[in-house]
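Throughout, protein chains are lettered first and strands after them, A, B, ... in sequence-line order, and every chain is numbered starting at 1. We use all heavy atoms of the structure for the numbers below, so side chains are in, but hydrogens, waters and symmetry mates are not.
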Protein chains: 2
Amino acid sequence: MKVDGKDTRTIWVESDGKSVGIIDQTLLPHRFASVRLKTLEDAAHAIKSMQVRGAPLIGAAAAYGVWLAMLHDASDENLERASAALLATRPTAINLAWALDEMLAALRNRPRPERAAAALRRAYEIGEQDIAINLEIGRHGFKLIEAIASKKNGARVNVLTHCNAGWLATVDWGTATAPIYLAHDKGLAVHVFADETRPRNQGASLTAWELGRHGVPHTVIPDNTGGHLMQHGLVDMVIVGTDRVTAQGDVCNKIGTYLKALAAHDNGVPFYVALPSPTIDFSVSDGLTEIPIEQRGAEEVATMTGKTKDGRIETVQVVPDGSPVANYAFDVTPARLITGLITERGVVAASRVALAAAFPERARA
Amino acid sequence: MKVDGKDTRTIWVESDGKSVGIIDQTLLPHRFASVRLKTLEDAAHAIKSMQVRGAPLIGAAAAYGVWLAMLHDASDENLERASAALLATRPTAINLAWALDEMLAALRNRPRPERAAAALRRAYEIGEQDIAINLEIGRHGFKLIEAIASKKNGARVNVLTHCNAGWLATVDWGTATAPIYLAHDKGLAVHVFADETRPRNQGASLTAWELGRHGVPHTVIPDNTGGHLMQHGLVDMVIVGTDRVTAQGDVCNKIGTYLKALAAHDNGVPFYVALPSPTIDFSVSDGLTEIPIEQRGAEEVATMTGKTKDGRIETVQVVPDGSPVANYAFDVTPARLITGLITERGVVAASRVALAAAFPERARA
């Protein structure tokens, strides 16, 4: 999407033809800078340190990481080594393993001299495929926004979102944001309430930043605020992303999503989840009991990082010395609270039957 | 309650007999320092800047503010001016208006030379009355904790609370925390999940601080986390405070309370609100439509203040330049989501009939 008027993606091949550019997302929202990845190690570091994050973008970055490895040494040993190193960067993202499997399948049976070129081609395809899926999600979600806009006689549509399921989490367009960008670009009046999303603040630091750079009207709110807004009719719909959807339509997403789903349900506000279909895990049914929830480091809760008045980036401790903290990264929203799943094949009910009907080739008996 | 082993209150008359001491709560949890209020303006500033906060403490501070005004000028004009100035400091808390009414009633028909002494006496009584009420709330709430503890065969009782309805919000004991302190002091195993409570972080900076200083086991959690904990049986009960309860039992409290009430309801976790009866506003019925919700400054959402590694207090900006923010201070939890109101007269159902029966002298026809 746009940054300072210029079309920008989260990952690209540099003009030298032998390195990959990324936005260093750890510097956002206060600094916008790109980093050039020249080696497998650069790519692994970028994923591990969360310079790139978001399941689809992690997948694309890993694919390009394999390409960088092949540029230097296209041996079988290096291919396996690169794949293993990249797989070890982040423990949970399903897209990471998927992208690496795709790369291995494309390269293993190919002569070494062809591997680098084939790797670049496949990595690029993975990125383009992500964009195409997100655009389809956008088109289906756009119709939902359009329908609300027409009911409101063109008054602006207020969308609440949680965390960052924006273009920064993908190669472009984002998942939850794709319908919003499409609506905005087509001239529909749309406004986004971006949940801050403690403890890592992805809503305030990433979603607000990308919406602002593209020119989409938005307001940052504390995670506590969404319920109040919904009680007073100030939210027309919720759209969030997800890290994993189960066969029965339970949604695992950033901690706090469940609370917003409860508020939406209590106030008759439609609650949508936008996702590329690879996010559906047909091997899991009951999200609450079957999905292990990652617990992350205390420092994410105990501290906040931001910009001082004189422009320095500083980290401050916001809990008392000696107070323990808990940091659950995700929660599960039961299917009963979800109005619909916005996928590349259309809006699907959050139920076993509907999911199996929409993705018969993936659903198991 | 205890701070470094020493019994401490939030407000007191200084030994010079002409000024009031308070804990500067804006410096917590990183610095524990007191401030001396010498004038009406000092008292108004302390309330407005939230050096003192919490509905009962605001009431006590306003009462002492009237005393400070009377010390300097006991005229009718100054009495009215002081009352108006103090009333204008915070819009939502009912205790502020109540305490000022009490002071006016105690002073208006008194000769000027007697007013300062009478004001001091009445302000002190208001403070002592707050402590006595909180202790009664504590005794009634303690029975609820005790009952859960006996059901759990003495395993520790996990209480979730939001914001700070602790002794720092009152003169001593607190409202939501009074049952917890009593339970802890009597040797019951109790553990508190303290919601961080963005944007002002009163849970992390005040509740965690006061629990820690008194030695009560606790864990600070992001506001997003409570729903997940309740889904997994990790919360036995919720106790929060309130700024205003309506005649039908709707509860106005810190923004985000409603979301926790929804989660408690969805998971069968009892949700209690602890309050001194002056917090009940029998003139208001439907909390959602009749209680005006204070909107506060953007900087509370846009920034966070904390301690750097080298011990400096620093404020950092946590939203992108140019991103608007919204800062609603309170929300309303409908009576239907509330298990009971813990008052100084016992646990009362959140309903018009029960409230009128418990407080017949205040309920209106």
Side-chain angles (χ1 to χ4, degrees), chain A residues 28-30 193-194 196-199 201 204-205 208-209 211-212 218-229 231-232 254-260 262-263 266 288 293 301-309 313-328 330-332, chain B residues 28-30 193-194 196-199 201 204-205 208-209 211-212 218-229 231-232 254-260 262-263 266 288 293 301-309 313-328 330-332:
Chain A
L28 293 176
H30 304 299
F193 285 111
E196 177 179 40
T197 320
R198 283 284 285 151
N201 293 43
S205 60
W209 181 84
L211 292 171
H218 65 281
T219 304
V220 177
I221 54 171
D223 299 303
N224 285 319
T225 309
H228 171 76
L229 296 177
Q231 285 178 311
H232 290 271
K254 181 62 51 183
I255 190 85
T257 301
Y258 166 56
L259 294 171
K260 293 307 142 59
L262 284 170
D266 199 44
L288 267 176
I293 300 296
V301 177
T303 67
M304 292 272 272
T305 298
K307 187 173 69 167
T308 62
K309 274 210 170 131
I313 301 299
E314 185 87 74
T315 296
V316 296
Q317 176 187 326
V318 293
V319 301
D321 289 334
S323 280
V325 308
N327 185 8
Y328 297 87
F330 304 98
D331 65 21
V332 171
Chain B
L28 294 176
H30 305 298
F193 285 112
E196 177 180 40
T197 320
R198 282 282 285 152
N201 293 42
S205 61
W209 182 85
L211 292 171
H218 65 282
T219 304
V220 178
I221 54 171
D223 299 303
N224 286 320
T225 309
H228 171 77
L229 296 176
Q231 285 178 312
H232 291 271
K254 182 60 51 184
I255 190 84
T257 302
Y258 165 57
L259 294 170
K260 295 305 143 59
L262 285 169
D266 200 45
L288 268 177
I293 300 295
V301 177
T303 67
M304 291 273 272
T305 299
K307 188 172 68 168
T308 62
K309 272 206 173 139
I313 301 300
E314 185 87 75
T315 297
V316 295
Q317 177 186 327
V318 294
V319 300
D321 290 332
S323 278
V325 308
N327 185 7
Y328 296 87
F330 304 96
D331 65 20
V332 171

Name the region of [X], side chain, backbone, both or neither, that has any atom closer than 4.5 Å to a heavy atom of chain A.
X: B:Thr315; value: backbone
X: B:Asn201; value: side chain
X: B:Leu229; value: side chain
X: B:Thr305; value: backbone

Worked check of side-chain contact (heavy atoms from CB on, under 4.5 Å) between A:Gln231 and B:Leu288: CA-CA 8 Å; A:Gln231 285 178 311; B:Leu288 268 177; 3.6 Å; yes
Count the heavy-atom pairs under 4.5 Å between each of [options] and chain A, then report the option with the highest count.
options: B:Val301, B:Asp266, B:Thr257, B:Asn327; result: B:Asp266
options: B:Pro320, B:Gly256, B:Ala263, B:Pro29; result: B:Pro320
options: B:Val319, B:Ile313, B:Thr219, B:Ile255; result: B:Ile255
options: B:Asp331, B:Leu28, B:Asp223; result: B:Asp223

Whether B:His30 side chain and A:Gln317 backbone form a donor-acceptor pair below 3.5 Å: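 A pair under 3.5 Å: yes.
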B:Asn224 side chain vs A:Arg198 backbone, donor-acceptor pair below 3.5 Å: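 Yes, B:Asn224 side chain to A:Arg198 backbone: donor-acceptor pair under 3.5 Å.
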B:Glu196/A:Val318 under side-chain contact (heavy atoms from CB on, under 4.5 Å): CA gap, chis, key distance, verdict: CA-CA 9 Å; B:Glu196 177 180 40; A:Val318 293; 4.2 Å; yes
Between CG on residue B:Leu262 and OH on residue A:Tyr258, distance to nearest 0.5 Å: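 OH of A:Tyr258 is found 8.5 Å from CG of B:Leu262.
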Gap between atom CD of A:Glu314 and atom NZ of B:Lys309 - 0.5 Å precision: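 These two atoms lie 10.0 Å from each other.
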Audit row: B:Lys260, A:Leu259, side-chain contact (heavy atoms from CB on, under 4.5 Å) steps and yes/no: CA-CA 8 Å; B:Lys260 295 305 143 59; A:Leu259 294 171; 3.6 Å; yes
Which atom of A:Ala326 lies closest to which atom of B:Ile221, heavy atoms considered: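 Smallest heavy-atom distance, with atoms named: CB-CG2, 3.9 Å.
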Among the listed options A:Gly322, A:Ala194, A:Gly212, A:Pro222, the residue most often paired with chain B at heavy-atom distances under 4.5 Å: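 Option with the top pair count is A:Pro222.
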Max heavy-atom pair count under 4.5 Å with chain B, selected residue of A:Ser323, A:Ala302, A:Gly226: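 Result: the option with the highest number of such pairs is A:Ser323.
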